[in-house]
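Every chain is numbered from 1, with letters handed out A, B, ... down the list of sequences.
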2 protein chains.
Amino acid sequence: MREKLGKMPLPIVERLSVYLLTLLDIKSEGRVSVSSLELAERNGFSSAQVRKDLSCFGTFGKKGTGYDIDLLIEKIRGILGLKRTWRLALIGLGNLGKALITHKGFTTRAFEFVAIFEKKPSLVGKQYKGIQIYNIENLDKIAKAKRIEIVVLTIPKEEVAGVYEKVIVAGIPAALNFTPVRLLSKGNTLVKNVNFFQNLETLTFYLSNF
Amino acid sequence: MREKLGKMPLPIVERLSVYLLTLLDIKSEGRVSVSSLELAERNGFSSAQVRKDLSCFGTFGKKGTGYDIDLLIEKIRGILGLKRTWRLALIGLGNLGKALITHKGFTTRAFEFVAIFEKKPSLVGKQYKGIQIYNIENLDKIAKAKRIEIVVLTIPKEEVAGVYEKVIVAGIPAALNFTPVRLLSKGNTLVKNVNFFQNLETLTFYLSNF
DNA sequence: AAGAGAATGTGAATGTTTTCACTAAAATAG
DNA sequence: CTATTTTAGTGAAAACATTCACATTCTCTT
Ligand SMILES: NC(=O)c1ccc[n+]([C@@H]2O[C@H](COP(=O)([O-])OP(=O)(O)OC[C@H]3O[C@@H](n4cnc5c(N)ncnc54)[C@H](O)[C@@H]3O)[C@@H](O)[C@H]2O)c1
Ligand SMILES: NC(=O)c1ccc[n+]([C@@H]2O[C@H](COP(=O)([O-])OP(=O)(O)OC[C@H]3O[C@@H](n4cnc5c(N)ncnc54)[C@H](O)[C@@H]3O)[C@@H](O)[C@H]2O)c1
């Protein structure tokens, strides 16, 4: 059992998220308990890794039986901070932004879009899927008023630098960045970059070299 | 300089993709050479890491000067298999699928969508953005005829297991999976999973534990 | 042309993550 | 009730990844 959660290795946190999805899946099949081996095999990990990962946060299992699914789901939700709803804002209501806003998955989990920011004057002041669209220039003010915790960036790459500066100034705690410009965490803002090309390029690398 | 490219560590391949974007960026500023330090600082890595990564594939730099940008771009493109166009197919023309197909970035790089597969009878036989829509039941036949190399999965999660089975049977070399169902590489098919929740959940973990 | 400075490439050291291999507890079968 | 099987938890070992630190080479200035 580790002490400092703040410096938990990223691979462990990522796997926790995978375990959670798997547990929800198994639960939906009506099962009530699961072994580290099954959790591992479904995801291509080793059973020792599953046990070691979970042991960082406490002892949740029962020797001879495995893990109680409901209990483990609640524990992981607690660890990942998913016992409450997080307030998101979308920045850039283009093709990708609309797909994300429309996606039901977010809402049915722990995430809720509470604002959209756009540059196009024709969109500002309107709503999209019931969510108010604001002028990006008012990010600071609205972010505070709406208690925005995570911004989702789906703007053209030329706009990223300027908008990110505004995000930092507004002191928004986190950003999920879908643009191909790699951002580094700065100020009080934690960034996670999602790069589609990188994903495709790891595939083409291995396809080319086997 | 490493020998077996096929077992190059994933972190190195992912950084290569980051270096490439950075180099293109720097090139567009009119520059002709760059140091490992600059390549590192722009991306939050160490300069030693940049040099060590590149040294796995050859010696591309010049002591005292750094790396020639055009040369390094070409080398990395070669390593990542980006000197030719890869033939993609989209499976599932929904919200996310449409955003991806519409996205210019793919076409202007080394990727080209050559087919769309759908289940909805109303879409089959039509085109979207000039790309023919086929019945998913014909995946095997069309994949061979169109020489599809990578499928992009944007279908509901309930459909994933069945469709993935078809992808494996068709022997398609790779799949980029945007659904929340984690797939494991199997048969001759290499899989890369892209999980938006995982990205959000790593953010909420660290936000919750600082 | 010599010296100072810049920057690579890399073996060795360090740090991190994963796997191994075992102990111990619970469940099950005989 | 005892033996066998199942499975969690965990130090220790191994594998893997990053950083250090320096010899070497190239550039630039004077
Ligand atoms: N569409 C995809 O499938 C896809 C895939 C990978 C990456 N991306 C990246 O996501 C980003 C958006 O892609 P897209 O296809 O949705 O583009 P898009 O052009 O359809 O949408 C961008 C939107 O951002 C708005 N915008 C521009 N500047 C802004 C600003 N300063 N503040 C607020 N809003 C602003 C635009 O008005 C537009 O509505 C791009 O960086 C792209 O590279 C998209
Ligand atoms: N929209 C998003 O922003 C987003 C974000 C993250 C993940 N995802 C995931 O991506 C997937 C698609 O999301 P979406 O929002 O585009 O959903 P969607 O419902 O808009 O689109 C799904 C499309 O797939 C088609 N389809 C269904 N079964 C099929 C089959 N067997 N073969 C071929 N086509 C089939 C449907 O007809 C539909 O057109 C989902 O798994 C979702 O969880 C979406």
Side-chain angles (χ1 to χ4, degrees), chain A residues 1-19 22-23 26 31-73 75-76 79 184 202 205, chain B residues 1-19 22-23 26 31-69 71-72 75-76 79 184 202 205:
Chain A
M1 171 100 158
R2 260 186 198 237
E3 288 313 312
K4 298 273 172 68
L5 262 59
K7 37 172 146 145
M8 189 62 59
L10 180 60
I12 295 183
V13 180
E14 291 182 341
R15 284 192 298 269
L16 240 36
S17 174
V18 172
Y19 301 151
T22 309
L23 288 163
I26 298 178
R31 306 256 310 278
V32 299
S33 86
V34 65
S35 68
S36 59
L37 185 64
E38 181 175 357
L39 231 29
E41 284 181 341
R42 287 216 186 199
N43 295 299
F45 308 136
S46 76
S47 65
Q49 179 139 75
V50 173
R51 294 196 299 276
K52 184 138 262 188
D53 284 348
L54 295 175
S55 78
C56 293
F57 305 95
T59 66
F60 309 132
K62 208 168 164 189
K63 294 182 181 181
T65 314
Y67 300 88
D68 178 274
I69 290 177
D70 284 331
L71 177 92
L72 193 52
I73 286 173
K75 291 292 180 187
I76 295 180
I79 295 163
L184 305 180
T202 60
F205 173 84
Chain B
M1 168 103 157
R2 259 188 199 238
E3 288 314 311
K4 298 274 172 69
L5 262 60
K7 37 173 145 142
M8 190 62 59
L10 181 60
I12 295 183
V13 180
E14 290 182 341
R15 284 192 298 269
L16 239 37
S17 174
V18 172
Y19 301 150
T22 310
L23 287 164
I26 298 178
R31 307 256 309 277
V32 300
S33 86
V34 66
S35 69
S36 59
L37 185 64
E38 182 175 357
L39 233 26
E41 283 181 343
R42 286 216 187 197
N43 295 298
F45 307 136
S46 76
S47 67
Q49 179 138 76
V50 173
R51 294 195 300 277
K52 183 140 263 186
D53 285 348
L54 295 175
S55 77
C56 293
F57 305 95
T59 66
F60 309 131
K62 208 167 163 189
K63 294 182 181 181
T65 315
Y67 301 88
D68 178 274
I69 290 177
L71 177 93
L72 193 52
K75 291 292 180 187
I76 295 180
I79 295 163
L184 304 180
T202 60
F205 173 84

Between [X] and [Y], what is the shortest heavy-atom contact and its length?
X         : Y        : result
Leu72(A)  : Phe60(A) : CD1-CD1, 3.7 Å
Ser47(A)  : Ala40(A) : N-CB, 3.5 Å
Phe205(A) : Ile79(B) : CD1-O, 3.2 Å

Using 0.5 Å steps for rounding, measure from the [atom1] atom of [X] to the [atom2] atom of [Y].
X        : Y        : atom1 : atom2 : result
Arg51(B) : Ser46(B) : CZ    : OG    : 8.0 Å
Ile26(A) : Glu38(A) : CD1   : CD    : 4.5 Å
Arg42(A) : Leu37(A) : CZ    : CG    : 12.0 Å
Gln49(B) : Leu54(B) : CD    : CG    : 10.5 Å

- Sub-4.0 Å heavy-atom contacts from residues 36-45 of chain A onto DNA chain C, ordered by number: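 Heavy-atom contacts with DNA chain C come from no residue of residues 36-45 of chain A; none.
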Are [X] and [N] close enough that a side-chain N or O sits under 4.0 Å from OP1 or OP2?
X        : N       : result
Tyr67(A) : dG9(D)  : yes
Arg51(B) : dT18(D) : no
Lys63(A) : dT6(D)  : no

- Query: Which part of the nucleic acid, if any, lies within reach of Gly61(A) when heavy atoms closer than 4.0 Å are counted: base, sugar-phosphate only, or nothing?
  - Reply: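 If one applies the 4.0 Å heavy-atom cut-off, Gly61(A) turns out to touch the sugar-phosphate alone, with no base involved.
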Quick one: [X] [atom1] to [N] [atom2], roughly how many Å, whole number?
X        : N       : atom1 : atom2 : result
Leu54(A) : dT7(D)  : CG    : P     : 16 Å
Lys52(B) : dC16(D) : NZ    : C1'   : 12 Å
Asp53(A) : dA8(D)  : CG    : C1'   : 14 Å

- Are Leu39(A) and Phe45(A) side-chain neighbours, meaning at least one heavy-atom pair lies under 4.5 Å?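 Side-chain contact under 4.5 Å: no.
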- Leu23(A) side chain reached by Asp70(A) side chain, heavy atoms, under 4.5 Å: no
- Item | Range on DNA chain C touched by chain A, heavy atoms, distance below 4.0 Å | dT17(C) to dA27(C)
- Closest nucleotide of DNA chain C for Thr65(A) versus for Ala48(A): which of these residues is on the 5' side?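 Going by which nucleotide is closer to the 5' end, it is Ala48(A).
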